[in-house]
Amino acid sequence: MTTAPRPEPTEVDPQFCQDAGEATAPRPSPVGRLDDVRCSVQALLRGDSPMATAPPARRWLLVEQPGPWGRDALLESRFDHRVASRLAARARELGMRIQMVRRPGERLADSGRRWAVADTTPGQETVRWSTRDSDAELLDRPWDGSVGEPTQVPTYLVCTHGAHDVCCAVRGRPLARALPTGGVPADVWETSHLGGDRFAANVVVLPWGFVYGQVPEDGEQLLAAHAAGQVALPWLRGRAGVAPAAQAAQHHARSELGLLGVHELATRRVRALEAPAGVERFEVTLAGPAGDVVVTVESRLSAEAHRLTCAAAQPGRWRTWHPLSLQAT
């Protein structure tokens, strides 16, 4: 992959240190018409940055369950209710995240009763699919990646969980139906709540665990980037299982150095620094192509409080991330 020239160790482009919410160029909006009061519309109008908001899970359990999902997709669906709570407990014990999945448009279709374990750990990235005869089988089957057939194409999970937030349905369902585009190989599923409702349409790309928000149009640019082994930086929220400070550092280093490969800029070290009250500051060391890349970032609460989901009873604040320096050796 051709990369942009790296700056001298002490040089940082002035725009590198702009606030995360500042836009450098207009971007297309996600598809799906929504009232102005909806959380995803307000987030776009405010210019909320989705950077460094990927969830902490590295291992995921995908359970195919077509038909309607309630607010809690596992407990409020056609999945066996006698099994659901025990499945959730086992997932908590193993530190795994459960995602209910279904094919786009198959709301009432018969299920293939598929399930998969996805591991996004760097160097171990896999998605292995199996089938079940009953939901109860999932309680006894191994979740360590030792069973199932590995998929050979990227897996795209598009959040369409309208019972959790209407923005996810209105933004996500058209995107899920549009994928794949341009003949790019992709295994596309609708999925339950991914988090970050105000960034709909939200997508996670497995096996790497890259999470995207505010994905526009038909997702063609997202698919094209991953087909080329790269991230789609304009919509990247971060990589699941990576500390938020490292997600922020990776995002800014990718932007400055042109290093977009899915395996580039792995996290080597995250070190907390002294900072003023109300501010968190970190020095993050990343593995660059010719040596370490050291990025200093800081996080602070948003200046104003807003509703972060359509169903939020009260406004809330969120942490915003801001780069301070970059040094590439």
Side-chain angles (χ1 to χ4, degrees), residues 12 14-30 34-57 159 161 164-168 170-171 193-204 210-216 233-256 270 272-284 295-326:
V12 178
Q15 285 200 355
F16 177 80
C17 291
Q18 68 184 7
D19 281 354
E22 293 182 11
T24 57
R27 296 188 299 161
S29 297
L34 288 163
D35 296 336
D36 288 348
V37 297
R38 292 298 181 182
C39 66
S40 66
V41 177
Q42 288 296 309
L44 283 166
L45 293 174
R46 290 192 303 266
D48 290 3
S49 171
M51 182 178 59
T53 59
C159 183
H161 198 167
H164 200 280
D165 197 296
V166 68
C167 290
C168 297
V170 176
R171 301 283 202 203
H193 179 58
L194 284 175
D197 299 347
R198 74 188 193 277
F199 300 128
N202 288 298
V203 182
V204 60
F210 287 108
V211 181
Y212 294 91
Q214 300 173 338
V215 177
L233 194 61
W235 306 285
L236 183 62
R237 290 176 52 185
R239 185 170 184 173
V242 174
Q247 294 181 41
Q250 288 174 335
H251 194 286
H252 289 292
R254 288 184 183 280
S255 178
E256 288 304 293
V270 177
L273 304 176
E274 291 187 5
V279 175
E280 295 180 347
R281 190 170 293 165
F282 302 89
E283 179 186 84
V284 182
V295 183
T296 303
V297 295
E298 74 175 23
S299 172
R300 53 184 180 266
L301 286 176
S302 59
E304 298 179 345
H306 296 280
R307 285 198 312 147
L308 303 185
T309 70
C310 291
Q314 299 291 335
R317 293 189 171 145
W318 63 96
R319 300 208 72 85
T320 62
W321 288 90
H322 312 270
L324 300 180
S325 66
L326 179 149

Interatomic distance, [X] atom [atom1] to [Y] atom [atom2] [nearest 0.5 angstrom]:
X	Y	atom1	atom2	answer
Asp197	Asn202	CG	CG	7.5 Å
Leu194	Asp165	CG	CG	12.5 Å
Leu324	His252	CG	NE2	9.5 Å
Arg38	Arg171	CZ	CZ	11.0 Å

Is a side-chain N or O of [X] found less than 3.5 angstrom from the main chain of [Y], in a donor-acceptor match?
X	Y	value
Gln42	Asp36	yes
Glu256	Leu326	no
Arg319	Ser299	yes
Thr320	Arg300	yes
Ser302	Trp318	yes

Compare every heavy atom of [Y] with every heavy atom of [X], then report the nearest pair and how far apart it is.
X	Y	value
Pro216	Trp235	CD-NE1, 3.3 Å
Val295	Ala253	CG2-CB, 4.2 Å
Ala245	Val284	O-CG2, 3.8 Å
Cys167	Ala200	O-CB, 3.6 Å
Cys310	Val166	SG-CG1, 4.3 Å
Leu233	His251	O-NE2, 3.5 Å

Apply the side-chain hydrogen bond (donor to acceptor under 3.5 Å, both in side chains) test between Thr53 and each candidate in Gln247, Arg198, Arg237; give the one that qualifies.
->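 Single side-chain hydrogen bond (donor to acceptor under 3.5 Å, both in side chains) partner of Thr53 among Gln247, Arg198, Arg237: Arg237.
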
Hey, does Trp321 have a side-chain heavy atom less than 4.5 Å from the side chain of Ser49?
->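 No, side chains not in contact.
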
Evaluate the side-chain proximity of Ser40 to Gln214: yes if any heavy-atom separation is below 4.5 Å, no if none is.
->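 Contact flag for Gln214/Ser40 side chains = no.
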
Apply side chain to side chain contact (heavy atoms under 4.5 Å, CB included) to Met51 and Leu236, showing your working.
-> CA-CA 7 Å; Met51 182 178 59; Leu236 183 62; over 6 Å; no

Restricting to pairs with a member in residues 303-315, which pass salt bridge (Lys or Arg N to Asp or Glu O under 4.0 Å), not counting sequence neighbours?
->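 As it turns out, there is no salt bridge (Lys or Arg N to Asp or Glu O under 4.0 Å) pair with a partner in residues 303-315 once direct neighbours are skipped.
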
